[in-house]
**Student:** 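Just dropping this structure here.
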Amino acid sequence: MMYDICVIGSGAGAGPIIYELSKQGHKVCVLEKGDFYKREDFSKDELAVTRRSVYNPKLEDEYHTVEEYINEEWTKFPTYDTGWNFNNGNLVGGSSNFMSGFFYRLKPDDFKLASKYGKIKDSNIVDWPITYEDMEKYYDKVEKIIGVSGEVSDYKYQEPRSSKTFPFKALDEHPITKLIDKASKELNFSIVKTPRAIISEAYKQRSACYYSNYCGSYGCSSGAKGSSREALILPALKTNNLTIITNANVIKLNTNKDKKITSALYLSKQGSKKEVKAKLFILAAQAIESSRLLLNSKDANFPNGVANNSLNVGKNLLSSSGGIVTGTFDESVIPLKELMTPGLFVNRAIKDFYFTKEFKGGMVEMVFEHANPIRRANFFKWDENDSSKLLIGKELQDKLFSSFTKTKTLNMEIFADWSSNDNSFVSVDENYKDKYGIPVANIRIGTLKHDLEVSNFLAKKAVKLLKQMGAKNIQSNIDALPSSNLQAGGCRFGDNPKTSVLNKYCQAHEVKNLFVTDGSFMPSGGSVPFTFTIYANSFRVASYIKNNFNKLVDK
């Protein structure tokens with residue numbers, strides 16, 4: 001069968017394309033590497049979900065290699081040696097099933113960092129080929145369709161909005177927010193109330209949040225979280241124009257003499273090779289795997305990989321700079337009954353330092369330490385005064401009881417821009433292959449000193465707030481290493497085919513019928529999680545395809 005559109009992946013970058021084009025009447029086929037899970041399949045089982053990662057392949061079977069600069073040379077190692085996992089969810093809906101749903105828009109100046117601040121030494125920072133104004137109506141569309149709950153905050157850097165309020169009222173807040181707000185006012189910090197892609201009220205076939213205390217890293221069993229599966233794919237299935245092929249591991253894109261993609265070759269669960277033909281192809285497999293697929297799709301037209309005759313595929317990979325500052329609270333600063341309230345959200349951030357006169361700053365997001373009991377208990381097994389002494393018996397029991405029933409740890413998560421540079425990229429190496437014999441993605445992690453300095457600048461603000469709140473045991477852990485669940489770049493969009501992979505509509509410069517709509521397109525990530533912008537951009541690209549489909553598929 002010849003489909004109108006073949007979409008590879010089903011997460012935030014794929015969902016809007018699937019939703020919009022199937023509703024328009026196009027026959028859409030989705031190739032998803034994982035299974036199709038239902039709400040009732042999403043348990044709160046820490047062992048299954050976060051200790052064993054049932055939604056991802058085993059690292060021994062499907063790993064990555066990582067290059068770090070150690071002792072003045074680049075050292076490569078496979079991730080199965082370290083447990084470092086860049087797979088974030090092989091299932092329908094992808095990693096959007098497991099997001100925490102912090103939905104902040106980029107700001108107008110995020111689209112023109114090079115113009116505002118100039119180029120940082122050793123960086124490849126450029127302005128975007130589009131503006132905030134081009135994206136605003138799609139941010140607004142995401143808020144309404146995906147479902148965003150919150151309260152618009154009035155502060156210095158609040159971006160322009162066409163809708164003055166969010167479509168859903170703010171989620172219920174934990175009592176510690178009163179302490180945060182009071183301390184912030186005393187420090188003259190402007191508190192921002194976090195908008196979340198979690199609905200606070202029932203909407204269509206989705207139930208409201210029930211405050212399970214297990215949100216980030218877990219699938220949602222109520223339908224409240226705005227995953228691609230819940231908000232977009234399930235409604236799209238009702239059109240009868242959508243075919244989803246699960247357990248389809250796409251290994252190659254085939255092209256013809258016109259340098260257009262003719263089919264996607266995939267491996268079934270049984271290991272047999274199968275093919276899907278379509279007029280238009282959308283790649284949205286998450287940034288690292290999207291670059292990997294293009295680089296592995298070599299043929300006579302593209303000896304370096306599809307859409308890579310300019311050698312730009314994989315370059316300028318992005319993550320998020322930062323780390324975490326933590327502080328512990330007990331009944332000396334807040335009544336114990338209030339402190340131990342389970343499930344409710346903190347939903348507070350500091351964004352006063354998002355921009356400075358001299359450099360682009362970032363954001364501090366506040367969230368309680370994850371409820372995972374095994375993970376939490378594991379931190380307490382060592383003696384505080386002797387890190388080599390393992391606690392056992394009553395001593396350990398007393399420490400666990402006190403920690404779990406009388407204290408809570410507040411995390412201040414630092415989000416700063418990751419400066420694109422020549423040593424942050426994805427490549428493939430024939431010497432390292434997965435169990436199917438396909439070269440795995442090699443991730444070189446090149447960071448700039450500047451990014452670490454910005455993160456430390458923000459960490460000092462976080463420490464100041466924690467001290468004002470009366471926190472104890474304040475610790476700062478700022479790191480230059482990337483967050484494995486925050487991936488963008490690798491197929492940068494831009495107006496110049498010599499320096500970018502995609503045009504401003506995320507259409508490959510070299511392949512007319514190929515679009516890349518996950519986070520790969522982003523030249524810079526802003527100082528916020530990427531998912532909201534990926535959603536909005538995918539809706540923007542979907543609008544372009546809807547209006548130009550016949551032109552795009554003309555021979």
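Values below: all heavy atoms of this structure, side chains included; hydrogens, waters and symmetry mates excluded.
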**Student:** Compute whether any side-chain donor of one residue and acceptor of the other, for Tyr19 and Ser228, lie under 3.5 angstrom apart.
**Tutor:**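 Ser228 and Tyr19 do not have a side-chain donor-acceptor pair below 3.5 Å.
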**Student:** Which pair of non-hydrogen atoms, one from Leu106 and one from Tyr132, has the smallest distance, and what is that distance?
**Tutor:** O-CE1, 3.3 Å
**Student:** Any side-chain donor paired with an acceptor under 3.5 Å for Tyr210 and Ser221?
**Tutor:** yes
**Student:** Looking at Arg52 and Glu46, does any basic side-chain N land under 4.0 Å from a carboxylate oxygen?
**Tutor:** no
**Student:** Name all residues meeting the side chain to side chain contact (heavy atoms under 4.5 Å, CB included) criterion together with Ser319; count only those two or more places apart in sequence or in a different chain, and write none if there are none.
**Tutor:**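 For Ser319 the side chain to side chain contact (heavy atoms under 4.5 Å, CB included) partners, ignoring immediate neighbours, are Trp418, Pro482, Ser483, Leu486.
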**Student:** What salt bridge (charged side-chain N to carboxylate O under 4.0 Å, His left out) pairs are there with at least one residue in residues 79-106, not counting sequence neighbours?
**Tutor:** Arg105-Glu136, Arg105-Glu143
**Student:** Counting only heavy atoms not in Lys44, do more than 12 fall under 6.0 Å of its NZ?
**Tutor:**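 It does: Lys44 NZ has more than 12 such atoms within range.
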**Student:** Set out, in order, the CA-CA distance, both residues' side-chain angles and the distance that settles side-chain contact (heavy atoms from CB on, under 4.5 Å) for Ile8 and Leu253, then state yes or no.
**Tutor:** CA-CA 10 Å; Ile8 301 164; Leu253 301 176; 3.6 Å; yes
**Student:** Which class fits the ring pair Phe42 and Tyr55: parallel under 30°, tilted 30 to 60°, perpendicular over 60°?
**Tutor:**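 Plane angle between 30° and 60°, so tilted.
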**Student:** Using ring-ring contact (aromatic ring centres under 6.0 Å, His included), reason through Trp84 and Tyr63 one step at a time and then give a plain yes or no.
**Tutor:** CA-CA 9 Å; Trp84 203 352; Tyr63 61 97; over 10 Å; no
**Student:** Should Asp429 and Lys76 count as an ion pair when the cut-off is N to O under 4.0 Å?
**Tutor:**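 Answer for the salt bridge query: yes.
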**Student:** If I compare all heavy atoms of Pro129 with all of Gly494, which pair ends up nearest, and what's the gap?
**Tutor:** CG-CA, 3.8 Å
**Student:** Dump the intermediate steps for side-chain contact (heavy atoms from CB on, under 4.5 Å) on Leu232 and Ile146, then the final yes or no.
**Tutor:** CA-CA 8 Å; Leu232 301 172; Ile146 300 299; 3.7 Å; yes
**Student:** So, applying salt bridge (Lys or Arg N to Asp or Glu O under 4.0 Å) with Glu230, which one of Arg39, Lys204, Lys38 is it?
**Tutor:** Arg39
**Student:** Does the side chain of Tyr266 reach to within under 4.5 Å of the side chain of Asn249, using non-hydrogen atoms?
**Tutor:**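 Result no, sub-4.5 Å side-chain heavy-atom pair not found.
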**Student:** Between Val516 and Cys506, is any pair of side-chain heavy atoms under 4.5 Å apart?
**Tutor:**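 No - every pair of side-chain heavy atoms lies 4.5 Å or more apart.
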**Student:** Consider only side-chain N and O atoms of Asp417 and Ser527, and report whether a donor and an acceptor are under 3.5 Å apart.
**Tutor:**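 Indeed, the side chains of Asp417 and Ser527 share at least one donor-acceptor pair under 3.5 Å.
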**Student:** Does the pair Lys360/Asp110 count as a salt bridge with the N-to-O cut at 4.0 Å?
**Tutor:** yes
**Student:** Can a donor-acceptor pair be found between the side chains of Asp134 and Thr131 at a distance below 3.5 Å?
**Tutor:**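 Yes, side-chain donor-acceptor contact under 3.5 Å.
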**Student:** For a quick check under 3.5 Å, do Glu67 and Asn442 share a side-chain donor-acceptor pair by atom type?
**Tutor:**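 There is such a pair (donor and acceptor under 3.5 Å, judged by atom type) between the side chains of Glu67 and Asn442.
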**Student:** Give every residue pair that meets the salt bridge (charged side-chain N to carboxylate O under 4.0 Å, His left out) criterion with at least one member in residues 274-291, sequence neighbours excluded.
**Tutor:** Asp4-Lys279, Glu289-Arg292
**Student:** Counting only heavy atoms not in Phe166, do more than 12 fall under 6.0 Å of its CZ?
**Tutor:** yes
**Student:** Tell me which one of Asn421, Thr499, Asp422 satisfies side-chain hydrogen bond (donor to acceptor under 3.5 Å, both in side chains) with Asn124.
**Tutor:** Asp422
**Student:** Above 12 or not: heavy atoms from other molecules or residues under 6.0 Å from NZ of Lys144?
**Tutor:** yes
**Student:** Of the non-hydrogen atoms in Asn241 and Lys27, which two are nearest, and what is the gap between them?
**Tutor:**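 The answer is OD1-NZ, 2.8 Å.
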**Student:** Could you tell me whether the side chain of Leu31 reaches within less than 4.5 Å of the side chain of Cys6, counting heavy atoms only?
**Tutor:** yes
**Student:** For Lys137, does the NZ atom have more than 12 heavy-atom neighbours from other residues, nucleotides or ligands under 6.0 Å away?
**Tutor:**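 For Lys137, atom NZ is not crowded (no more than 12 foreign heavy atoms under 6.0 Å).
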**Student:** Before giving the answer on ring-ring contact (aromatic ring centres under 6.0 Å, His included), spell out for His64 and Phe77 the whole-Å C-alpha distance, their side-chain angles and the decisive distance to 0.1 Å.
**Tutor:** CA-CA 9 Å; His64 297 94; Phe77 53 88; over 10 Å; no
**Student:** Check the side chains of Thr194 and Glu365 for a donor-acceptor pair under 3.5 angstrom, ignoring hydrogens and angles.
**Tutor:** yes
**Student:** State, without any angle test, whether Lys259 and Asn301 hold a side-chain donor-acceptor pair at a distance under 3.5 Å.
**Tutor:** no
**Student:** Can you tell me how far apart CD1 (Ile438) and CD (Glu430) are? Round to the nearest 0.5 Å.
**Tutor:** 9.0 Å
**Student:** Out of curiosity, Ile545 CD1 to Ile282 CD1, how far, rounded to the nearest 0.5 Å?
**Tutor:**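 Between atom CD1 of Ile545 and atom CD1 of Ile282 there are 3.5 Å.
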**Student:** Tell me, do Arg492 and Leu502 make a side-chain contact under 4.5 Å, heavy atoms counted?
**Tutor:**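 In short, these two side chains do not touch, never coming nearer than 4.5 Å.
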**Student:** Between Glu201 and Arg206, is there a salt bridge with N-O shorter than 4.0 Å?
**Tutor:** no
**Student:** Name the orientation class of the two ring planes belonging to Trp128 and Phe493 (parallel below 30°, tilted from 30 to 60°, perpendicular beyond 60°).
**Tutor:** perpendicular
**Student:** Please report whether the ring centroid of Tyr535 lies less than 6.0 Å from that of Tyr138.
**Tutor:**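 So the answer is no for these two rings.
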**Student:** Any luck finding a side-chain donor-acceptor pair between Asp299 and Asn254 under 3.5 Å?
**Tutor:** no
**Student:** Check for me whether the distance between the ring centres of Tyr203 and Phe168 falls short of 6.0 Å.
**Tutor:** yes
**Student:** Between Leu171 and Tyr211, is the side-chain contact (heavy atoms from CB on, under 4.5 Å) condition met? List the steps.
**Tutor:** CA-CA 9 Å; Leu171 293 152; Tyr211 306 99; 3.7 Å; yes
**Student:** Gln286 and Asp518: which non-hydrogen atoms are nearest, and at how many Å?
**Tutor:**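 Closest heavy-atom pair between Gln286 and Asp518: N-OD2, 2.9 Å.
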**Student:** List the atom of Ser290, the atom of Ala284, and the distance in Å for their closest heavy-atom pair.
**Tutor:** OG-C, 4.1 Å
**Student:** Between Tyr218 and Phe98, does the ring-ring contact (aromatic ring centres under 6.0 Å, His included) criterion hold? Intermediate values first, please.
**Tutor:** CA-CA 5 Å; Tyr218 287 84; Phe98 310 120; 8.4 Å; no
**Student:** Between Asn312 and Ser310, do the side chains contain a donor N or O and an acceptor N or O under 3.5 Å apart?
**Tutor:** yes
**Student:** Any chance CD of Glu133 has more than 12 other-residue heavy atoms, nucleotides or ligands included, within less than 6.0 Å?
**Tutor:** yes
**Student:** If we only count heavy atoms from C-beta on, is the Lys269 to Thr246 side-chain gap below 4.5 Å?
**Tutor:** no
